[in-house]
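Residue numbers begin at 1 in each chain, while the letters A, B, ... track the order of the sequences. Computed from heavy atoms alone, side chains included, the values below leave out hydrogens, waters and symmetry copies.
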Protein chains: 2
Amino acid sequence: MNHSELIKGTLSTLILRLLEERKRMYGYEIAQCIKEMSDGKILVKEGSLYPALHKLEADGLLSVEEEFIGKRVRRYYRLTEKGQSQSALAIRELRSFLATMENMITQTNPLPI
Amino acid sequence: MNHSELIKGTLSTLILRLLEERKRMYGYEIAQCIKEMSDGKILVKEGSLYPALHKLEADGLLSVEEEFIGKRVRRYYRLTEKGQSQSALAIRELRSFLATMENMITQTNPLPI
DNA sequence: ATTTTTACATAGATTCTTGATGTATTAAGA
DNA sequence: TCTTAATACATCAAGAATCTATGTAAAAAT
């Protein structure tokens with residue numbers, strides 16, 4: 001059991017959350033940001049990140065602008081309007097889930113039902 | 001995005017945690033307990049629960065005693081010694097992950113790296 | 001008498017992440 | 001200057017975990 005197994009299901013919400021704050025980010029930047037913010041504990045792999053971004057784009061939550069830095073392309077993502085409302089929802093949901101989990105693993109001697 | 005998608009990766013830890021407190025539980029009881037403790041927010045399905053229990057047993061973290069209630073069998077689980085140490089580890093890990101996630105979705109305006 | 005709850009189980013489909021692999025530019029260091 | 005590391009995208013096969021659906025059957029409740 002490590003952090004990378006626990007991240008399942010939370011990655012897209014995390015991406016939405018970052019884009020809420022930063023407006024405009026590209027994939028690699030998102031991965032670095034998650035690494036920094038988690039103190040190196042959550043390392044998103046390319047094999048997770050890019051498919052997740054593509055799915056969010058396909059679902060109409062993100063829009064993309066390609067930009068050339070020298071000869072190299074960067075795909076900048078931002079939230080669509082749909083993405084903004086979805087994002088708010090997903091974050092509330094995640095926050096509630098975290099609180100519930102915290103509560104469940106913290107409370108001692110849960111009573112028989 | 002709902003709680004059932006977010007539970008991925010946390011179910012076994014949750015089971016271990018419950019058995020740490022309650023010593024001896026059977027599958028159906030565990031599912032009910034998770035439902036109660038989460039205020040109905042986390043509904044573990046049989047298709048998730050029983051395979052998870054079987055895996056924990058196969059990995060030597062749980063032991064089983066079958067008991068007949070009338071004509072119906074109940075499979076009571078408890079932590080093995082290995083299960084106890086693993087449990088402590090998994091819970092620490094989960095707690096740390098929850099804190100990290102909480103931190104990431106809560107802090108406003110994360111700075112550029 | 002019928003329905004709901006209790007209690008186990010598994011198979012197939014789906015989803016998510018990983019590891020491996022690929023391509024290519026740019027920056028840094030020896 | 002040459003080599004390595006970092007940047008930046010991408011995809012595929014494999015594995016893990018969950019869900020839905022389905023099945024069986026006893027006990028309790030209506």
Side-chain angles (χ1 to χ4, degrees), chain A residues 1-16 24-36 38 40-59 62 64-77 90 94 97 101 112-113, chain B residues 1-16 24-36 41-59 62 64-77 90 94 97 101 112-113:
Chain A
M1 180 71 60
N2 58 26
H3 273 174
S4 24
E5 283 186 41
L6 294 168
I7 205 188
K8 291 191 190 201
T10 67
L11 179 55
S12 358
T13 304
L14 214 45
I15 292 173
L16 294 175
R24 192 167 171 279
M25 296 180 83
Y26 56 97
Y28 189 84
E29 187 185 9
I30 291 174
Q32 293 306 310
C33 189
I34 290 177
K35 184 178 165 190
E36 299 288 327
S38 70
K41 278 183 224 143
I42 297 179
L43 304 171
V44 182
K45 308 304 182 330
E46 290 115 316
S48 323
L49 179 68
Y50 293 112
L53 286 171
H54 297 164
K55 186 173 188 321
L56 290 171
E57 190 192 346
D59 291 347
L62 301 186
V64 191
E65 304 149 36
E66 296 205 335
E67 203 166 290
F68 277 86
I69 309 294
K71 289 183 185 177
R72 193 153 57 189
V73 72
R74 268 189 200 161
R75 293 170 59 81
Y76 276 97
Y77 292 92
L94 179 52
F97 173 76
M101 282 301 300
I113 48 175
Chain B
M1 180 70 60
N2 60 24
H3 274 173
S4 25
E5 284 186 38
L6 293 169
I7 206 187
K8 294 192 186 199
T10 66
L11 179 55
S12 359
T13 304
L14 213 45
I15 293 173
L16 294 174
R24 193 167 171 279
M25 297 179 84
Y26 56 98
Y28 189 83
E29 188 185 11
I30 291 174
Q32 294 305 309
C33 188
I34 290 177
K35 184 179 164 188
E36 298 288 327
K41 280 182 226 145
I42 298 179
L43 305 171
V44 182
K45 307 303 180 333
E46 290 115 316
S48 321
L49 178 69
Y50 293 112
L53 286 170
H54 298 162
K55 185 173 189 318
L56 289 170
E57 190 192 348
D59 291 347
L62 301 185
V64 190
E65 303 148 36
E66 296 205 336
E67 203 166 290
F68 277 87
I69 309 296
K71 288 183 184 175
R72 194 154 55 189
V73 72
R74 267 191 201 161
R75 293 170 58 81
Y76 276 97
Y77 292 92
L94 178 53
F97 173 76
M101 282 300 299
I113 49 176

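- If you measure from atom CG of A:Leu49 to atom P of C:dC16, you get 14 Å, rounded to the nearest angstrom.
- Comparing B:Val73 and A:Ser48 by the nucleotide of DNA chain C that holds the closest heavy atom to each, the one mapping nearer the 5' end is B:Val73.
- Taking atom NZ of B:Lys55 as the reference point, atom P of C:dT10 lies 15 Å away to the nearest angstrom.
- Nearest to the side-chain atoms of B:Lys45 among the listed nucleotides C:dA7, D:dA10, D:dT20 stands D:dT20.
- In this model, the phosphate group of C:dT10 is approached by a side-chain N or O of B:His54 to a distance below 4.0 Å at OP1 or OP2.
- Rounded to an integer number of Å, the gap from B:Ile30 CD1 to C:dT6 C1' is 15 Å.
- Comparing atom distances between the A:Tyr28 side chain and each of C:dC16, D:dA6, C:dT5 picks out D:dA6 as nearest.
- Distance alone, capped at 3.5 Å, is enough to place a donor-acceptor pair between the A:Ser38 side chain and the A:Ile34 backbone.
- For A:Leu53 against A:Gly27, the heavy-atom pair with the smallest separation is CD1-CA, 3.8 Å.
- The interatomic distance linking B:Leu43 (CG) with D:dT18 (P) rounds to 14 Å, in whole Å.
- B:Met25 and B:Glu29 make their closest contact through CA-OE1, 3.2 Å (heavy atoms, listed as atom of the first residue, atom of the second, distance).
- Rounding to the nearest 0.5 angstrom, the gap separating the CD1 atom in A:Ile69 from the OH atom in A:Tyr26 is 7.5 Å.
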Under 4.0 Å protein heavy-atom contact, by nucleotide of nucleotides 21-30 of chain D - B base, S sugar-phosphate only: -----BS---
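- Comparing the local axis fitted to the first five base pairs of the helix from C:dA1-D:dT30 to C:dA30-D:dT1 with the one fitted to its last five gives a bend of 30°, rounded to 10°.
- Heavy-atom minimum distance, B:Leu49 versus B:Ala31: CD2-CB, 3.9 Å.
- Taking only side-chain atoms of B:Tyr50, from C-beta outward, the nucleotide of C:dA9, C:dT6, C:dT17 with the closest atom is C:dA9.
- Atom CG in B:Leu14 sits roughly 15 Å away from atom C1' in D:dA17 (whole-Å rounding).
- Closest approach of A:Tyr28 to A:Tyr50, counting heavy atoms only: N-OH, 3.9 Å.
- The minimum heavy-atom distance between B:Ile15 and B:Ala52, with the atom names listed, is CD1-CB, 4.1 Å.
- In this structure, B:Leu56 atom CG and D:dA16 atom P are separated by 14 Å, rounded to whole Å.
- Of all the heavy atoms in B:Ser12 and B:Leu56, the pair that sits closest is CB-CD2, 4.0 Å.
- Only one option out of A:Glu65, A:Glu66, A:Glu67 pairs with A:Arg75 in a salt bridge (charged side-chain N to carboxylate O under 4.0 Å, His left out); it is A:Glu66.
- Nucleotide C:dC16 holds its C1' atom 14 Å from the CG atom of A:Leu53, rounded to whole Å.
- Between A:Arg74 and A:Pro51, the residue whose closest nucleotide on DNA chain D is further toward the 5' end is A:Arg74.
- One interatomic measurement links the two molecules: CD1 of B:Ile15 to P of D:dA17, which rounds to 11 Å at whole-angstrom precision.
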